[in-house]
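The block underneath contains the structure these notes are about, expressed in structure tokens.
Lettering follows sequence order; numbering is per chain, from 1.
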There are 2 protein chains.
Amino acid sequence: MALEHAILVSLLERPGSGYELARRFDRSIGYFWAATHQQIYRVLKRMESDGLIGARTVVQQDRPDKKEYSVGPLGRTALSRWLHEPIEPESVRHELAVKIRGAAFDDPAALIQEVERHREAHADRLAHYLAGELRDFTGPEAPAPLEAGQELQHVVLRGGIAYERMTLAWLDDVIATLQRLGPERRRRP
Amino acid sequence: MALEHAILVSLLERPGSGYELARRFDRSIGYFWAATHQQIYRVLKRMESDGLIGARTVVQQDRPDKKEYSVGPLGRTALSRWLHEPIEPESVRHELAVKIRGAAFDDPAALIQEVERHREAHADRLAHYLAGELRDFTGPEAPAPLEAGQELQHVVLRGGIAYERMTLAWLDDVIATLQRLGPERRRRP
DNA sequence: TCCTTCTATGCAACGAGTTGCATAGACAAG
DNA sequence: CTTGTCTATGCAACTCGTTGCATAGAAGGA
């Protein structure tokens with residue numbers, strides 16, 4: 001179960017509550033491992049009862065109290081063990097690609113709008129990543145000699161940036177292809 | 001449920017049995033939508049009882065009989081409806097990226113082997129895609145004017161090729177980064 | 001001859017992920 | 001003054017995906 005390990009990594013980078021983790025999974029760590037708050041709360045509860053993490057209640061003014069989790073020795077060991085186990089190369093799940101192949105049995109041109117919507121979403125993500133890179137790693141505000149953890153966060157972010165750039169170029173290719181095939185070349189077997 | 005739609009697309013491209021579909025999901029269509037045979041059999045059964053697809057038993061010599069499925073009018077309508085619905089841009093699940101960030105709390109150098117293993121797997125996939133592209137789309141054996149369905153299969157395959165190339169370059173970046181951080185820069189908070 | 005691989009289909013149990021809903025106080029905008 | 005958003009946590013039901021196992025005949029290699 002990789003969510004467990006993603007949570008361990010995130011809590012080692014900085015302790016936090018379920019709610020805070022959920023927001024991190026909407027940003028930073030969620031760029032390559034998505035999770036909803038329900039999933040996170042459920043797994044946190046199990047991890048606490050397994051002794052991987054510990055919780056302390058933080059009383060707050062003007063907002064509800066929270067339970068701040070941090071990683072215990074058992075959690076550290078569990079993460080270490082997982083890091084030394086081999087994992088399978090990812091199997092991709094790309095719904096849009098299914099749609100593109102399916103468009104052969106419908107109207108290819110009708111898919112252009114949808115692909116453009118995706119293109120915009122990826123352009124936004126790329127802009128977001130680039131802003132984060134400048135803020136945390138390459139800009140004047142960033143700490144000059146990065147420590148190991150930051151170097152590793154940076155290389156992961158570079159992966160996200162490369163992915164978004166590649167995807168944008170590909171979506172342009174898709175749009176051009178869909179435009180070349182008009183509704184007139186629609187296949188009706 | 002996108003597996004259902006992936007199956008509809010695959011069966012429209014060519015009717016086939018559950019077993020044949022499972023093999024297609026190990027190749028071609030599985031490059032962007034993975035599925036095991038158990039999943040496929042279960043969904044085929046439901047799709048048949050929902051009337052989306054029809055089955056006929058094909059008696060075979062020297063091997064077990066098979067049930068060949070093909071898409072009915074209801075299935076075609078269902079696919080069409082889905083094609084016109086918007087979908088969310090994919091949320092990524094990249095386990096290796098979690099490991100890379102986690103390496104900050106262990107030995108970064110110990111991860112190099114694992115990353116190299118992934119690199120090889122991606123290099124193999126790229127070679128496989130390129131061979132398929134040559135065979136089906138760009139080589140001398142390929143049909144000269146491609147029809148719409150083939151153009152669309154080709155653009156999806158180009159996406160796979162771009163993805164693998166990008167991933168290879170990124171994994172090289174990751175390996176170089178892990179090498180720069182030795183075990184001596186291990187972080188022990 | 002035995003062992004493995006290929007074709008072909010399927011059940012059962014479990015683990016992971018999604019969707020909808022509920023609570024509850026603070027604050028801001030209309 | 002009501003509606004909506006933000007912080008904060010959680011249950012219940014459901015769907016989806018994974019793992020292990022089972023059957024069974026044919027073909028091919030050790």
Ion pair present between A:Glu116 and A:Arg119, side-chain N to carboxylate O less than 4.0 angstrom? no
Only one of B:Leu79, B:Leu74, B:Thr77, B:Leu11 forms a side-chain contact (heavy atoms from CB on, under 4.5 Å) with B:Leu52, so which one is it? B:Leu74
Atom CG of B:Leu3 and atom C1' of C:dG17: how far apart are they, to the nearest Å? 15 Å
Over how many whole Å does the gap from B:Arg93 atom CZ to C:dA16 atom C1' extend? 9 Å
Taking atom types as modelled and ignoring hydrogens, do the side chains of A:Arg101 and B:Ser28 form a donor-acceptor contact shorter than 3.5 angstrom? yes
Run the numbers on A:Arg24 and A:Glu13 for salt bridge (Lys or Arg N to Asp or Glu O under 4.0 Å), then give the verdict. CA-CA 11 Å; A:Arg24 286 186 216 171; A:Glu13 286 174 356; over 6 Å; no
Please identify which of these residues, B:Leu96, B:Val174, B:Leu168, meets the side-chain contact (heavy atoms from CB on, under 4.5 Å) condition with B:His118. B:Leu96
Interatomic distance, B:Arg42 CZ vs C:dC14 C1' [rounded to whole Å]: 11 Å
Mind running a 4.0 Å heavy-atom check of residues 22-34 of chain B against DNA chain C and sending the residues that fall below it, in number order? B:Arg23
Heavy-atom count around A:Glu141 CD within 6.0 Å, excluding the residue itself: above 12? no
Which part of the nucleic acid does A:Gln60 contact within heavy-atom distance under 4.0 Å: base, sugar-phosphate only, or nothing? sugar-phosphate
When the ring centroid of B:Trp170 is compared with that of B:His94, is the distance short of 6.0 Å? yes
Please identify the 5'-most and 3'-most nucleotides of DNA chain D with any atom under 4.0 angstrom from a heavy atom of chain B. D:dC16 to D:dA27
Given the structure, check if the side chain of B:Arg63 and the base of C:dT5 hold any donor-acceptor pair shorter than 3.5 Å. no
For A:Ile40 and C:dA16, give me the distance from atom CD1 to atom C1', rounded to whole Å. 14 Å
Quick one: sort the B:Tyr31 and B:Tyr129 rings into parallel, tilted or perpendicular, breaks at 30° and 60°. tilted
Is a salt bridge present between B:Arg158 and B:Glu133, judged by a nitrogen-to-oxygen distance below 4.0 Å? no
For A:Glu4 and C:dA16, give me the distance from atom CD to atom P, rounded to whole Å. 8 Å
Taking for each residue the nucleotide of DNA chain C with the nearest heavy atom, is it B:Ser91 or B:Glu20 whose nucleotide lies nearer the 5' end? B:Glu20
